[in-house]
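First comes the structure, then the notes that go with it.
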2 protein chains.
Amino acid sequence: MQGREASDGTVGRTLAVLDLVAGFGRPVRFAEILPVAGLPKATLYRFLQVLTHQDMLAFDEDRQTYAPGMRLVRLAHSAWAQSSLAPLAREVLDELAETLGQTVHLAQLDNGAVLYVDKRNARQPVEMFSQSGKVGPAYCTGVGKAMLAHLPEDRLAAAIDRQSFHAHTPNTLTSPAALRAELALIRQRGYALDDEEHETGIACIAAPILSGSGRILGAISVTTTTAATSRDQLLALAGPVTRAAARIAATAEAWRFPEIKS
Amino acid sequence: MQGREASDGTVGRTLAVLDLVAGFGRPVRFAEILPVAGLPKATLYRFLQVLTHQDMLAFDEDRQTYAPGMRLVRLAHSAWAQSSLAPLAREVLDELAETLGQTVHLAQLDNGAVLYVDKRNARQPVEMFSQSGKVGPAYCTGVGKAMLAHLPEDRLAAAIDRQSFHAHTPNTLTSPAALRAELALIRQRGYALDDEEHETGIACIAAPILSGSGRILGAISVTTTTAATSRDQLLALAGPVTRAAARIAATAEAWRFPEIKS
DNA sequence: CTTGCAGGTTCCAAATAATGAAACCAAGTT
DNA sequence: AACTTGGTTTCATTATTTGGAACCTGCAAG
């Protein structure tokens, strides 16, 4: 199992450093990056220089720290609008959140992790990057498992390799075997449950968004608290959620293949 | 005047291609990129391969097109949360939009262009389409001019070089000289006006967000329609807007320099 | 069918850019 | 004054990038 970085040349290694800096989640100093980067001092230094000059990183003169730069925000705007399911799923999400009155998530797979691309909070209005772009684990979330369940074997193996299997709660699945068993079940019944596997008191139900050819495109979920919603009530949402997912899939299909191939 | 691309090596050139693809605003084919990239076929091909493999671009097998990839969304989340003013300005923006009942923008400079990092819509059922990350021209918008006005001369010259000076409306400033004169005025009175310079019927008033040392951090603006708001009414907003900007500046200062330097 | 061609992909020797050990510098610390 | 920590620069060696050209596709017109 090796990620993206090693295969491509200088560009890959440089972008790996970008990921690293972004991963800290706060501005970092050179010396903090050095040990985890696994690169010679001079090389790391040069990479940071380039990234900074390219505005992919911002260097704070006063504090001597690096943080992800604004160019990324501009680029992400394009990415979100063009490559994510968000624009297509927008209406369905609005409607689902409205009728159920619950928090709804739209997610896609990113390199074995869950990438949330859109969200509807029960009430509050939404802000773009505060929620889109967030990442989470795949093995212990509803959307994550829903997507993993429909991955072809080779990609699934790669994804499983990348899971930490950290036991967030007593219910968390902590082994590849347990996860695979669960995925089979999910595949069979058509939806996934997160039964307080990520956070105690939080449960959710998720459905995969599949292309016509069966490729997994993303997933949506409805989140509830165990305090307010019984398990039966949660299971009752299976219908609405899977139907919403199917509608998004249909929209995606229509958009991407406007004409029929004979 | 040369951009970022030329100076740095392979990484810079590759990222320039990324910008190019993102710039199309829609999925593009190899052949569409080739002529505008100014690179040999083989080189461009390799760059696209690398970017795709790195998930910075997504390649659509069926349509044979490239589009910005999801990795950017993940990275942008970090960038937005750490490097933009948005998290700091949030409360002030909420309050300003609330009390004035008008559309409010928060912007930063990105390579000579205006990058909107946050927005509050007047009332509407939230035009939720990712406002953050949008870019606009600097020479004919309130926020743009407010920021240009406080740029040091060398960076200003570079920024002016990058303006198109396209006459969007009869009021648009169309020459560096006219712009520089306006900037002097803005610097002096402390706020900027966009008097239908970008779009007919739309006017706005903007104030710069300056660090303690006078460095420009960003700008905020309140947008109005000439139909609903008279010029006098617009000018009356100067106070609230500049005060809001000052509050954001203070927050930024407090955040970045928690301790006092003697 | 065969010729031409536009859109992509692969090769490979030459040119160039990346590499990283080591030296160096600047501010503290002891 | 000697040492340490954190950051920056140098430079000969090495590996990577480069891009012209050849080469594959279809596919469409002759």
Side-chain angles (χ1 to χ4, degrees), chain A residues 2-21 24 26-54 56-69 256-257 259-262, chain B residues 2-21 24 26-54 56-69 256-257 259-262:
Chain A
Q2 63 177 16
R4 299 175 282 231
E5 61 288 346
S7 7
D8 313 288
T10 311
V11 178
R13 291 146 149 268
T14 306
L15 292 176
V17 170
L18 180 59
D19 261 12
L20 210 54
V21 174
F24 273 87
R26 63 180 168 81
V28 274
R29 301 178 63 97
F30 181 95
E32 300 183 82
I33 311 171
L34 185 53
V36 289
L39 292 170
K41 236 205 288 194
T43 304
L44 176 62
Y45 180 69
R46 222 167 339 100
F47 284 176
L48 291 172
Q49 294 271 87
V50 171
L51 287 169
T52 302
H53 183 58
Q54 290 289 323
M56 300 295 279
L57 287 180
F59 182 66
D60 183 326
E61 293 281 347
D62 304 306
R63 311 194 122 197
Q64 305 265 111
T65 55
Y66 297 89
R256 293 166 64 94
F257 310 106
E259 63 280 290
I260 299 149
K261 38 179 67 171
S262 59
Chain B
Q2 62 176 15
R4 297 177 282 232
E5 60 289 344
S7 6
D8 313 289
T10 311
V11 178
R13 292 146 156 268
T14 306
L15 291 177
V17 170
L18 180 58
D19 261 12
L20 211 54
V21 174
F24 275 88
R26 63 181 168 79
V28 275
R29 299 180 64 96
F30 180 94
E32 300 183 82
I33 310 170
L34 186 52
V36 291
L39 292 170
K41 234 204 289 195
T43 304
L44 176 62
Y45 180 69
R46 221 165 343 95
F47 284 176
L48 290 172
Q49 294 271 90
V50 171
L51 287 169
T52 302
H53 182 58
Q54 290 289 324
M56 300 294 278
L57 288 180
F59 181 66
D60 183 327
E61 292 281 349
D62 305 307
R63 314 192 121 198
Q64 303 265 112
T65 57
Y66 296 89
R256 291 166 65 96
F257 309 107
E259 62 281 288
I260 300 150
K261 39 180 64 171
S262 58

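A note on names: the letters A, B, ... follow the listed sequences, proteins ahead of strands, and every chain is numbered from 1. Given the structure is predicted, the values throughout are model-derived calculations rather than measurements.
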* Are any non-hydrogen side-chain atoms of A:Leu51 and A:Gln54 less than 4.5 angstrom apart? -> no
* Would you call B:Phe59 and B:Gln64 a side-chain contact if the rule is heavy atoms closer than 4.5 Å? -> yes
* **Distance, nearest 0.5 Å, that separates OG1 of A:Thr14 from CG of A:Leu44** => 10.0 Å
* Structure fact -> Contacts of A:Glu32 and A:Thr10 projected onto DNA chain D by closest heavy atom; the upstream (5') one is A:Glu32
* Structure fact -> Numerically ordered, the residues 37-49 of chain B set in heavy-atom contact under 4.0 Å with DNA chain D is B:Pro40, B:Ala42, B:Thr43, B:Arg46, B:Phe47
* Measure from CG on A:Leu51 to C1' on C:dA18 and round the result to the nearest Å. => 15 Å
* Mind calculating the distance between CZ (B:Arg63) and C1' (C:dG8) to the nearest angstrom? => 19 Å
* **Residue whose closest nucleotide on DNA chain D lies nearer the 5' end, A:Val11 versus A:Phe30** => A:Phe30
* What is the distance from atom OG1 of A:Thr52 to atom CG of A:Asp60, rounded to the nearest 0.5 Å? -> 11.0 Å
* Structure fact -> Interatomic distance, CG@A:Leu15 vs CG@A:Leu20, rounded to 0.5 Å, equals 12.0 Å
* Is there side-chain contact between A:Phe24 and A:Thr65, with heavy atoms separated by less than 4.5 Å? -> no
* Starting from the C-alpha separation in whole Å, work towards a yes-or-no answer on side-chain contact (heavy atoms from CB on, under 4.5 Å) for A:Leu39 and A:Val17. => CA-CA 10 Å; A:Leu39 292 170; A:Val17 170; 3.8 Å; yes
* Asked: Going 5' to 3' on DNA chain D, which nucleotide is the first and which the last to come under 4.0 Å of a heavy atom in chain B?
  -> D:dT17 to D:dG20
* Structure fact -> Rounding to 0.5 Å, atoms OG1 (A:Thr10) and CZ (A:Phe47) come to a distance of 6.0 Å
